[in-house]
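Heavy atoms only: backbone and side chains are in, while hydrogens, waters and symmetry mates are out.
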Amino acid sequence: MVVVAVLAVTRRQALAYRFAAQRLTVRLPKREYVNAARFGLQDSAPRDALVALHARVEACEPEAWQAPGLIQTYSPRAAVFVLPEQDFGVFTIGRLPFDQDQRAALEADAEQICRDLAGTERRGGLNGLRSACWTGRIALRWTTSALYAREVERPEIDEADARAELCRRHLTGFGPTTPAAYAWWSGMSPGDARRVWRQLKPELVEVDLDGHRAWILAGDEPDLRRPPDPPPARFLAAPDLRLLGQDRTGLFCGPGQRRWTDLHDTFHPNGLLVGDELVGAWGRRGGRIVVRVAGPLPEPVRADVEAEALAMPIPGATMSISYTEVP
């Protein structure tokens, strides 16, 4: 019998791989917004998707979140996401349940909402809107002050292909990972997520992540074995902190909730990443960024941090930064 050795991966190695896969290590060229949103960017208040694009794309523009080729809808986890328009079917139809009764209920909600919209874009909440978006028939536009819904043409994509690609997307962007983490990230039921996972088994490689079983796509193994150096200073919006691991082991991108450092609080929910470590937490009020750090930063790091802050593409704001040192 041939015994295949399982690749041992450290947390530091996994983080370096995730940062590189998510385009956080080296920025993409100007206006490469579609590529930057490949894994979906959660757009929570005040405009997290814009911060996420700034961390991934050179010379990010204030209106980047609505650049050509991007679209918004509820996906995954019932939050507004910015997605590549070309992948709209992957992030919507790819989450449809296998159960036909559940599926029929979603389709009925979507049909009613589309009748109510009557070909127009409508402001405000609609009954069943969050889950009806899974059908791929409804797109959103969130302005941070109002939410608008409109009917769109259902993507022409096979459901099995959409489910498989959504799972691959998670494995590449958030691996090493597990079926439980995938279920949380996709919003699918654990049973449906495991079913898709089993279908992809021939494409997967098992690894040992600090003593825990995890998986990656076989094609991503070379990148995991030799990840690049971690990124320089990056302002991460709160949703991107999940890359650091938020389950009870602190290794995987869900499920669970984690307080990454004592520097985070209600007014500083985001993270300041330098290398592969969080060195601070930050919040923003208009053009003013307030960073909480544990003691003074080395001067070269401080210079990088301030350059990042002043380049933040906040519409109509003159950016500034201040520090609060926490003993």
Side-chain angles (χ1 to χ4, degrees), residues 11-12 14-16 18-20 22-25 27 36 39 41-57 60 65 77 79-82 144 174 184-185 229-314 317-327:
R11 179 177 183 274
R12 186 177 294 268
L15 293 186
R18 289 173 190 163
F19 295 147
Q22 292 274 346
R23 309 298 193 184
L24 289 166
T25 303
R27 278 189 168 95
F39 304 106
L41 300 174
Q42 185 169 322
D43 204 14
S44 304
R47 183 104 263 167
D48 283 349
L50 183 59
V51 175
L53 289 169
H54 168 60
R56 291 166 168 81
V57 181
C60 184
W65 63 276
R77 296 186 310 281
V80 175
F81 265 58
V82 172
T144 72
F174 301 89
W184 172 85
W185 177 81
D229 292 334
R234 291 285 187 269
F235 282 91
L236 297 186
D240 271 339
L241 295 178
R242 296 177 182 127
L243 295 170
L244 295 154
Q246 68 171 23
D247 72 320
R248 61 183 178 82
T249 68
L251 296 173
F252 301 106
C253 301
Q257 188 62 43
R258 186 175 177 83
R259 181 180 174 87
W260 286 270
T261 78
D262 291 336
L263 299 168
H264 287 86
D265 60 27
T266 304
F267 300 103
H268 306 83
N270 311 296
L272 176 60
L273 184 75
V274 175
D276 55 8
E277 296 292 336
L278 286 178
V279 301
W282 65 277
R284 178 175 67 82
R285 296 291 183 274
R288 181 169 178 262
I289 293 176
V290 180
V291 180
R292 300 182 83 217
V293 292
L297 298 175
E299 189 54 39
V301 172
R302 189 182 181 100
D304 287 344
V305 168
E306 293 181 2
E308 282 287 298
L310 298 179
M312 197 82 75
I314 306 304
T318 300
M319 303 305 298
S320 65
I321 183 170
S322 61
Y323 297 91
T324 301
E325 294 183 8
V326 180

First locate atom CD of Glu306, then atom OG of Ser320, and finally report the distance between them rounded to the nearest 0.5 Å.
10.5 Å
Report yes if some heavy atom in the side chain of Val293 is under 4.5 Å from a heavy atom in the side chain of Val326; otherwise report no.
no
Would you check if the side chain of Asn270 reaches a backbone N or O of Ala238 as a donor-acceptor pair within less than 3.5 Å?
yes
Leu273 and Pro231, any side-chain heavy atoms less than 4.5 Å apart:
yes
Identify the heavy atoms of Pro230 and Gly275 that sit nearest to each other, and give their distance.
CB-C, 3.4 Å
Of all the heavy-atom pairs spanning Gly287 and Ala317, show the shortest one and how long it is.
CA-CB, 3.7 Å
Just do the side-chain contact (heavy atoms from CB on, under 4.5 Å) check on Asp247 and Trp184 with the steps written out, would you?
CA-CA 10 Å; Asp247 72 320; Trp184 172 85; over 6 Å; no
How long is the span from the CG atom in Leu278 to the CG atom in Leu263, to the nearest 0.5 Å?
9.0 Å
Pairing residues for Arg47 by the side-chain hydrogen bond (donor to acceptor under 3.5 Å, both in side chains) criterion, not counting sequence neighbours:
Asp43
Among all residues two or more places apart in sequence or in another chain, which pass the salt bridge (charged side-chain N to carboxylate O under 4.0 Å, His left out) test with Glu277?
Arg12
Tell me if a side-chain donor or acceptor on Arg11 pairs with a main-chain N or O of Gly250 at a distance below 3.5 Å.
yes
According to the salt bridge (charged side-chain N to carboxylate O under 4.0 Å, His left out) rule, which pairs have a member within residues 318-327, sequence neighbours left out?
none
Supply the atom-to-atom distance Leu236 CG to Leu244 CG, rounded to the nearest 0.5 angstrom.
7.0 Å
Taking the side chain as everything from C-beta on, heavy atoms only, tell me whether Cys253 gets closer than 4.5 Å to Arg18.
yes
Give a yes or no answer on whether the side chain of Trp65 reaches the backbone of Asp48 with a donor-acceptor pair at less than 3.5 Å.
no
Is Ile289 close to Phe235 at the side-chain level, that is, under 4.5 Å between some pair of heavy atoms?
yes
How close do Arg56 and Leu41 get, heavy atom to heavy atom, and via which atoms?
CZ-CD2, 3.9 Å
Backbone N/O of Gly271 and side chain of Trp282: donor-acceptor pair under 3.5 Å
yes
According to salt bridge (charged side-chain N to carboxylate O under 4.0 Å, His left out), who are the partners of Glu308, at least two apart in sequence or on a separate chain?
Arg27, Arg234
Using the rule given for side-chain contact (heavy atoms from CB on, under 4.5 Å), can you reason through Tyr323 versus Val305, listing the C-alpha separation, both sets of side-chain angles and the distance that settles it, and then say yes or no?
CA-CA 11 Å; Tyr323 297 91; Val305 168; 3.7 Å; yes
Measure across Ile314 and Gly286 and return the closest heavy-atom pair with its distance rounded to 0.1 Å.
CG2-O, 4.1 Å
How are the rings of Phe174 and Phe39 set to each other: parallel, tilted or perpendicular (split at 30° and 60°)?
perpendicular
Side chains of Pro46 and Thr144: closer than 4.5 Å at any heavy-atom pair?
no
Atom of Gln42, atom of Ala79 and distance for their closest heavy-atom approach
CD-CB, 3.8 Å
List the steps, then state whether side-chain contact (heavy atoms from CB on, under 4.5 Å) holds for Leu24 with Leu243.
CA-CA 11 Å; Leu24 289 166; Leu243 295 170; 3.7 Å; yes
Can you list every pair that meets salt bridge (charged side-chain N to carboxylate O under 4.0 Å, His left out) and has a residue in residues 280-300, with sequence neighbours left out?
Asp265-Arg292
Val291 versus Thr324: any side-chain heavy-atom pair under 4.5 Å?
no
The criterion is salt bridge (charged side-chain N to carboxylate O under 4.0 Å, His left out); which residues satisfy it with Arg242, sequence neighbours excluded?
none
Gap separating the CG atom of Leu272 from the CG atom of Leu297, nearest 0.5 angstrom:
7.0 Å
Residue pair Pro269 / Gly283: nearest heavy atoms and the distance that separates them
CD-CA, 4.4 Å
